[in-house]
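Have a look at the structure below, then the notes.
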Amino acid sequence: MQKPLINEPVSLENYLGVFQYSRRAIGLVWSTHKRLTIALALLTLVAGILPAAVAFVGKLIVDTVVSAIAVYQGTEELVFAQVLIFVILEGVLVAAVAGAQRGIDFCQSLLRVLLSQRVNILIVEKALTLELSQFEDSEFYDKLNRARRQASSRPLSLVNRTFGLAQNSISLASFAGLLVQYSPWAVLVLVAAGLPSFLAETRFSGERFRVFHWRSVERRILNYLEIVLTREDHVKEVQLFRLGPELLRRYRDIFKQLYDEERRLTIRRDVWGFGLGLLGNIAFYGTYGWIAVSTIVGQITLGQMTMYLLVFKQGQSAVSAMLSAIGGMYEDNLYLSNLFAYLEQPVAAWEGEATDGPIVEDGLRFERVSFTYPGANRPAVQDVTLHIEPGKSLAIVGLNGSGKTTLIKLLAGLYQPDSGEIRYQGLEFSKWEPDAIRRRISVIFQDFIRYQLRVGENIGVGDVDMLGHKERWKEAARKGKAADFVDTLPDGYETQLGRWFHDGQELSSGQWQRIALSRVFMRNDAEILVLDEPTASMDAETETEIFDHFQSLTEDKMVVLISHRFSTVRRADTIVVLNKGRVIEKGSHEELMTLNEEYARLFELQAKGYR
Ligand code: ADP
């Protein structure tokens, strides 16, 4: 993978090396819409050639007029007709230039929309192949955001500039073809006068990119603060804790830092740009004088003078347009290096193919499983060995941070163990086809998502294949004890939830938990049900009712449960107590009470609270 060119100083090698992405950007545009790309290329060619033709016809007009004046003796109808034809021809050519330019704009506008959509889809498709741990890595998260923020406009910009460069090169070559007849030196002056501003342009492009890159942490903080200050689910705390002014102050401070840097850069760029631009003016007027003198001494005709001046002036604009296109391409390439760095982010391949295990009755096993979060200094789960047979339930208890949720994430295949094995039906996880294993596991996390969708779909997400299946929603809601309250909602299962959209309803935490619990029952073929604090927001009576009912629904399944309520935990066939990632006790409620250690202590502590 090509390393993004970020921290290297801007040298000539970088100037050249950095154009490596132009070809890929053109490939991207080409595959987005072939016909538009071809049209763009043809129009560019036309728009490149025509200006020289216009200048040449201009010369013919002036020369014809001048010679006609010199020999004018009365009515020279032939000359009138000739001049008029040239004038009309020039008019037609100018109209054609305008038409080609319109056509270019048209193609670009459509391509811009298509391409921005395409790149965003590429970014999202890539995101779908990544692992949870990659999203949790802040450096990677930065990469993703940088790719998203700019890359949808950059590829087209790069292509526009590439075509613009081609168009101006064609114009310049045709101008040079005319001008060289006057003097090769004039051509040299034309090109040389543009170089200094080009160098300045590229230098500042690189600098701006680096500022942008280095500052991405600050930009992320700004983004985050905006969210905290304006999002509906944050408003409650922001108002009550009176956080607003403090957060706004931080927002302003960070913005000011970014702004100051931007301002310094802009000032420097513009001062240099103006100074070096003056050079171009000097070159133009120097050449103007030279051409004027040549005309007076009779070296060239008046028509040639008009043409050379026009050609020199337009040639100068073409040179500066080309050079600033190159500067801009340099910048676009730097940004694109981000996009491709993201798209080429390696993905850990899970290549198993098995859809069934050899020993069905073996259920689920953890064998000496350990896992450390990237960058953490101690394992979150260490040397854990567990076994759950079909039809049995397992409860995990432990203090906050003891590794319960991590254990579940391992079980769900969201992380891969650093050492040890997780086996299902006698087959290691990595040998299973990912979809086949995911289909067998149904999980609700404590921080399950409250989708801003209809109630029915909020239940339906539990099984994406049945997302819109109304009968299944109802059945799942009955099992998850959500049916009663859903029936009282204004539009039943069609009620929109959340506040983002018109007429959205908000639910209580307990009601949301029932929706989440119903999701588990969407998938009839799930064999392992994993519940992370599924009833924490429910009252004790509802909880008992739900678990009585739950047991009868899950007789042949494996249930893994995390809960802080011992009234729930004690029902499980096996209970494991985690401490700092290790299993310190394992057994049934009775066994652990007899053991009279950590479990018994925690149980008594809670029981005392109720007495
Ligand atoms: P529990 O669910 O028992 O409260 P967790 O499994 O969430 O505990 O956390 C176990 C340990 O792993 C804690 O020390 C926690 O700080 C750490 N941890 C949890 N999630 C992450 C994460 N995404 N990245 C890094 N460390 C984490």
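In each ligand, atom 1 is the first atom listed, and ligand 1 is the first ligand listed. These numbers were taken from a predicted model, which means no experiment stands behind them.
- The nearest heavy-atom contact from the protein to atom 4 (O) of ligand 1 is G401 N, 2.7 Å.
- Heavy-atom proximity to A380, at under 4.0 Å, picks out these atoms of ligand 1: 11 (C), 12 (O).
- Near N400, meaning under 4.0 Å from any of its heavy atoms, are these atoms of ligand 1: 4 (O).
- By the 4.0 Å heavy-atom criterion, A376 is excluded from the residues contacting ligand 1.
- With respect to atom 23 (N) of ligand 1, the closest heavy atom belonging to the protein is E136 OE1, 3.1 Å.
- Protein heavy atom nearest atom 7 (O) of ligand 1, with residue, atom name and distance: T405 CB, 3.7 Å.
- Side-chain atoms of E604 and Y599 include no donor-acceptor pair closer than 3.5 Å.
- Taking the charged nitrogens against the carboxylate oxygens, E457 and R454 do have a contact shorter than 4.0 Å, which makes a salt bridge.
- Distances shorter than 4.0 angstrom occur between a heavy atom of L399 and an atom of ligand 1.
- The backbone N or O of R368 sits less than 3.5 Å from a side-chain atom of T385, completing a donor-acceptor pair.
- Of the protein's non-hydrogen atoms, the one nearest atom 24 (N) of ligand 1 is Y373 CD2, 3.3 Å.
- Taking each of E533, R378, K404 in turn, the one with a heavy atom nearest to atom 14 (O) of ligand 1 proves to be R378.
- Of all protein heavy atoms, the one closest to atom 9 (O) of ligand 1 is T406 OG1, 3.7 Å.
- For the 3.5 Å distance criterion, the side chains of S157 and D332 qualify, holding a donor opposite an acceptor.
- Remark: distances from the non-hydrogen atoms of G403 to ligand 1 include one below 4.0 Å.
- Between E527 and Y424, the side chains place a donor N or O and an acceptor N or O closer than 3.5 Å (distance only, hydrogens not considered).
- For the 3.5 Å distance criterion, the side chains of E131 and Y415 fail to qualify, holding no donor opposite an acceptor.
- Atom CZ of R242 is surrounded by 12 or fewer heavy atoms from other residues, nucleotides or ligands within 6.0 Å.
- Side chain of Q134 to backbone of P346: a donor-acceptor contact under 3.5 angstrom is found.
- Under the 4.0 Å distance rule, the nearest protein heavy atom to atom 16 (O) of ligand 1 falls outside the cut-off.
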